[in-house]
Amino acid sequence: MTDSRLAIVVLAAGQGTRMKSQTPKVLHGLAGIPLIGHVLSTARALDPAHLITVVRHDRDRVAAAVLECDGACTIVDQDEIPGTGRAAEVALDALPHDFDGDVLVVSGDVPLLDAATLSELLTEHRARGAAATLLSAVLDDGTGYGRVVRDAEGGLDRIVEQKDASEAEQAITEINSGTYVFHAPSLRAKLALVSTDNAQQEKYLTDVVGLLRGDGMPVAALPVREGWLVAGVNDRVQLADAALRLNQLIVRGWQLAGVTVVDPASTWIDRTVTLDEDVELRPGTQLHGATTIARGAIVGPDTTLTDCEVGQGARVSRTDATLAVIGERASIGPFAYLRPGTIVGEDGKVGTFVETKNSTLGRGAKVPHLSYVGDTTVGDGTNIGAGTITANYDGVNKHRTEVGAHARTGSHNVFVAPVRIGDGAYTGAGTVVRKDVPAGALAVNVAPQRNVERWVAANRPGTAAAEAAAAANEGSEGTA
Ligand code: UD1
Ligand code: CA
């Protein structure tokens, strides 16, 4: 049920300088979705009456990504005054002016925080009737974070930023996670008083804590169970750390749901992937995007699937596939490359060193070895010979190849599209198929073989080949 007294503000206006990137920090990917996508879905899980994301840096890109993740989110633009405090202030201006509930502020760059922890924070804040409650964490080393300064009684006194902290304050290991709940009217009143008089010349949201405390308002800092929950992503080292931690959680979740993961450390699964019970993932498997894998399928080793659908009992080994549909019990690889639009039928096969693109293979159809199959339809039960190439591109346009059902095409064929090979047709080895082959016909167009006797002796005298041929011919002549 919607929490009518809750507004959530996601801060995402900052530049993210430490990423050193053309891509805004909150749009960097983590388990297949942008950092901010994780934050938005966690925020949405609390069902707030208002969900606001504050943007500024690369505004249009960030706003578009936010709306793609959560179409109901309100986008608010921060002005030229920098700092998290200013970001919160412009968000407050977008709320109804009589809103006197709680404002939960989260950072777009803290992706691992879960809804349960946020709920606990909110519950605790409400139970205490606090003006501000923040989530803190005790880390081995708090470098980079704002530090939680406590008074002699252990109560929260204020937050000091890394760049403004004295040496003694820098030694504090309890850090501000950047996640807070504020009583809306108190936040509004105190933000109006926050200045930019600090090392970064920014309006710090963290200053509100000290101001409330100075007025004798109840404020508290609650340490999280585990520090990684509130780990911020400011550079690419922290991005990889967060990705590793999240992947461990995702893999473990699937293991507990009945998926065999032979080597969790080398298995990467996006948050958007769906797996059935009794799927087996072998080492070196990466599953991305909207990939789904059905019961009993074995994927890996060394396989990357992006937006693929794998049917029950299929086997996919040492394969790279994107936007492919793999039928039940089909066999893919080792060393297959399935490009977008590949559909492999039930019991079908795409074998070793085969590349496919925009092609449909029927039920039980097989392309077992060393082939390129593009813009092609292959009927049920057909076998495509080893080393076959569909010449689908005439240099200007792409054309289709159609092979009917139960055809048997020879090794080392070229199908020059557009061309059609009928049901039950055969082609000889080495055939270049340039015109349609009727159903049931055999197509051959290789010139008859001509053997020029003793050519090596006459043209390559004194070579190892000539000697070997001479010895063979003597032997055969001796016995003749
Ligand atoms: C902030 C906190 C720090 C805390 C840390 C936790 C302040 C002043 N400091 O520092 O105490 O330990 O988070 O991760 O709040 N943002 C805006 N507008 C701005 C500036 C930033 O929306 O003008 C957004 C950023 O996009 C980001 C978030 O606020 O999502 C935090 O900004 P960042 O610059 O990363 O703050 P930190 O230095 O990490
Ligand atoms: Ca940060």
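Just so you know, ligand 1 is whichever comes first in the structure, and atom 1 is the first atom listed for that ligand. As the structure is a prediction and not an experimental result, all values here were calculated from the model. These numbers come from the heavy atoms of this one structure, side chains and all, not from hydrogens, waters or symmetry mates.
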- Task: Using distance alone, determine whether Asp109 and ligand 1 share an N or O pair under 3.5 Å.
- Result: yes
- Note on the structure: re atom 13 (O) of ligand 1, the protein heavy-atom contact at minimum distance is Gly178 CA, 4.4 Å
- Element-labelled atoms of ligand 1 that are located less than 4.0 Å from some non-hydrogen atom of Arg18: 35 (O), 38 (O), 39 (O)
- Taking all non-hydrogen atoms of both residues, which atom of Ala87 and which atom of Val54 are closest, and how far apart? O-CG2, 3.5 Å
- Protein contact for atom 36 (O) of ligand 1 (heavy atom, distance under 4.0 Å): no
- Below 4.0 angstrom from a heavy atom of Tyr204, which ligand 1 atoms are there? Numbered from 1 as shown, please. 8 (C)
- Item | More than 12 heavy atoms of other groups within 6.0 Å of Asp140 CG | no
- Sub-3.5 Å N/O-N/O distance, Val26 and ligand 1: no
- Message: Consider side chain to side chain contact (heavy atoms under 4.5 Å, CB included). Of Ile8, Leu122, Asp3, which one does Asp102 pass it with?
- Response: Leu122
- Item | Ala87, portion touching ligand 1 at heavy-atom distance under 4.0 Å | side chain
- Message: If we set the cut-off at 4.0 Å for heavy atoms, which region of Gln162 has an atom near ligand 1: side chain, backbone, both, or neither?
- Response: neither
- Give yes or no for whether the N/O distance cutoff of 3.5 Å, strictly under, is met between Gly144 and ligand 1. no
- Item | Nearest protein heavy atom with distance in Å, relative to atom 28 (C) of ligand 1 | Ser107 OG, 3.5 Å
- Message: Below the 3.5 angstrom mark, is there an N/O of Tyr145, backbone or side chain, next to an N/O of ligand 1?
- Response: no
- Item | Lys203/Glu89 salt bridge by N-O under 4.0 Å criterion | yes
- Task: Select the closest option to atom 18 (N) of ligand 1 among Lys25, Gln78, Gln200, Arg56, judged by heavy-atom distance.
- Result: Gln78
- Do His28 and Ser21 meet the criterion of a side-chain donor-acceptor pair at a distance under 3.5 Å? yes
- For atom 27 (C) of ligand 1, grab the closest protein heavy atom and report residue, atom and distance to one decimal in Å. Leu11 O, 3.8 Å
- Task: Between Asn234 and ligand 1, find which residue part has any heavy-atom pair under 4.0 Å and reply side chain, backbone, both or neither.
- Result: side chain
- Do any of the N/O/S atoms of Ser107, backbone or side chain, fall under 3.0 Å from the Ca ion (ligand 2)? no
- Donor-acceptor pair between Thr390 and Asn392 side chains, under 3.5 angstrom: no
- Sort out for me which residue in Thr84, Asp164, Thr196 forms a side-chain hydrogen bond (donor to acceptor under 3.5 Å, both in side chains) with Tyr204. Asp164
- Message: Does Asp278 form a salt bridge (Lys or Arg N to Asp or Glu O under 4.0 Å) with Arg295? I'd like the steps, not just the answer.
- Response: CA-CA 5 Å; Asp278 286 323; Arg295 182 182 288 270; 3.7 Å; yes
- Query: Are any of the N/O atoms in Gly232 less than 3.5 Å from those in ligand 1?
  - Reply: no
- Query: Ion pair present between Asp100 and Arg5, side-chain N to carboxylate O less than 4.0 angstrom?
  - Reply: yes
- Item | Numbered atoms of ligand 1 (with element) below 4.0 Å of Gly83, judged on heavy atoms | 18 (N), 19 (C), 20 (C), 23 (O)
- Task: Give the residue, atom name and distance (to 0.1 Å) of the protein heavy atom nearest atom 2 (C) of ligand 1.
- Result: Glu161 OE1, 3.7 Å
- Task: Please find out if less than 6.0 Å separates the ring center of Tyr393 from that of His399.
- Result: no
- Any N or O on Ile81 sitting closer than 3.5 Å to an N or O of ligand 1? no
- the Ca ion (ligand 2) is nearest to which N, O or S atom of Asp109? OD2
- Message: What protein heavy atom lies closest to atom 12 (O) of ligand 1? Include the residue and the distance to one decimal.
- Response: Asn176 O, 2.6 Å
- Nearest neighbour in protein (non-hydrogen) for atom 7 (C) of ligand 1: Thr84 OG1, 3.4 Å
- Is the closest N or O pair between Gly14 and ligand 1 shorter than 3.5 Å? yes
- Task: Using non-hydrogen atoms of the residue, decide whether Ile175 is closer than 4.0 angstrom to ligand 1.
- Result: no
